[in-house]
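Presented below is the structure to which this report refers.
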Protein chains: 2
Amino acid sequence: MSFGKYIRKQREALKSKDRRFSVRQVAQRIGVEPAYLSKIERGDVAPPSEAKIRALADELGEDADVLLAMAGKVSSDLQAIIRKRPQLFADLIRQLKSVPDHALLRIARDVRDGDW
Amino acid sequence: MSFGKYIRKQREALKSKDRRFSVRQVAQRIGVEPAYLSKIERGDVAPPSEAKIRALADELGEDADVLLAMAGKVSSDLQAIIRKRPQLFADLIRQLKSVPDHALLRIARDVRDGDW
DNA sequence: TAATATGTGTAGTATATAGTACACATGTCA
DNA sequence: TGACATGTGTACTATATACTACACATATTA
């Protein structure tokens, strides 16, 4: 699903329980014009900046990294981590491309536990 | 060192052995105007697009991921890998932020060998 | 039913990105 | 010493990014 459609779906779901989730009110809370949020949700314009996507994720209780991915972006903090050691991270991430989810979770767990 | 200064240094080094590495000739081979490459090397303009950086890396025998990092960019193929599984990769990369080089190399090796 | 809220159409703006085109002074070498 | 090559200054350009501002018709609510 597209970024816009997904946002609309999630916002409408929240709106059905709480009328503070109208386009206008959400737009105001995340700091954009209502017409702009409306256009984003309908795919009339490209997804907004990383900062606005983060505000939206916060507002809608969504995962920022997932919304950024839907918007075709990668979080700037992740990019900064990669840029500090480009060869190591580039090699590793390309290696991990075809590694199944459960194995990635296991690596993350092992690293967290210091088992490396 | 900045992207521009680094490129200039590497190109000049090659030029001292082979006069085909002049600004003009390298510019022609990577498909940009000489004045533009000159400005890039002096930091007069921002680094070029990913495609031109890759051509430059190829031409100068440099690692594209390293040059992209110096230019403040992350390879689009890596971004695509992350965007396909944003939560898993975001968590993992943030975990790996403070992991030392030798441990990253070991993880890469273990993954390559199927030890996971 | 009057006031208020809602979603959206149209038009426009500022800044960044990614360059080109041409001219010109200086340097090289045949 | 004349032709060609070299690096660079100046002036543009096209497209993308990231929005704002205002107006208007339609709902909703008091």
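Throughout, protein chains are lettered first and strands after them, A, B, ... in sequence-line order, and every chain is numbered starting at 1. Note: hydrogens, waters and symmetry copies are ignored here, and every other heavy atom, side chains too, is used.
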side-chain N/O [X] vs [N] OP1/OP2, d < 4.0 Å:
X        : N       : answer
Lys73(A) : dA18(D) : yes
Arg24(B) : dG7(D)  : no
Ser38(A) : dG7(C)  : no
Gln25(A) : dT6(C)  : yes
Ser22(B) : dT6(D)  : yes

May I have the distance from [X] (atom [atom1]) to [N] (atom [atom2]), rounded to whole angstrom?
X        : N       : atom1 : atom2 : value
Ile30(B) : dA18(C) : CD1   : C1'   : 13 Å
Arg20(B) : dA5(D)  : CZ    : P     : 15 Å
Lys52(B) : dG19(C) : NZ    : C1'   : 9 Å
Gln28(B) : dG7(D)  : CD    : C1'   : 15 Å
Asp44(A) : dG7(C)  : CG    : C1'   : 13 Å
Ile7(B)  : dG7(D)  : CD1   : P     : 15 Å
Phe21(B) : dT6(D)  : CZ    : P     : 13 Å
Leu37(B) : dG7(D)  : CG    : P     : 9 Å

- Query: Can you tell me if Gln87(A) uses its side chain to pair, donor with acceptor, with the backbone of Asp65(B) under 3.5 Å?
  - Reply: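 Side chain of Gln87(A) to backbone of Asp65(B): no pair is present.
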- Task: Would you mind telling me which of dA21(C), dG19(C), dT8(C) lies closest to the side-chain atoms of Tyr36(B)?
- Result: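 For the Tyr36(B) side chain, the nearest candidate turns out to be dG19(C).
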- Message: If you only use heavy atoms from C-beta on, which nucleotide in dG7(D), dC22(D), dA18(D) is closest to the side chain of Ala35(A)?
- Response: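 The nucleotide sitting nearest to the side chain is dC22(D).
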- Does Lys15(B) get its side chain close enough to the base of dT6(D), under 3.5 Å, for a donor-acceptor pair?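 Donor-acceptor pair under 3.5 Å: no.
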- Do Arg83(A) and Phe89(A) meet the cation-pi criteria used here (NZ or CZ under 6.0 Å from the six-membered ring centre, within 45° of the axis)?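 The answer is no; the distance or angle limit is not met.
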- With distance as the sole criterion, is a donor-acceptor pair present between the side chains of Ser38(B) and Arg24(B) under 3.5 Å?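 No, Arg24(B) and Ser38(B) have no side-chain donor paired with an acceptor closer than 3.5 Å.
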- Message: Pick the closest DNA chain D nucleotide for Arg19(B) and for Lys39(B) by heavy atoms, then say which residue is nearer the 5' end.
- Response: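 Here Arg19(B) is the residue nearer the 5' end.
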- When we call it a touch if two heavy atoms are under 4.0 Å apart, what does Val45(A) touch: a base, just sugar-phosphate, or nothing?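 Nothing, no nucleic acid heavy atom in range.
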- Indicate, with a heavy-atom threshold strictly under 4.0 Å, whether Arg8(A) touches base, sugar-phosphate, or nothing.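 Result for Arg8(A) = sugar-phosphate.
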- Answer yes or no: is there an ion pair linking Arg11(A) with Glu41(A), defined by an N-O contact shorter than 4.0 Å?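 So Arg11(A) pairs with Glu41(A) through a salt bridge.
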- Leu56(B) CG to Ile30(B) CD1 distance, which is reported to the nearest 0.5 Å: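 The CD1 atom of Ile30(B) is 4.5 Å from CG of Leu56(B), to the nearest 0.5 Å.
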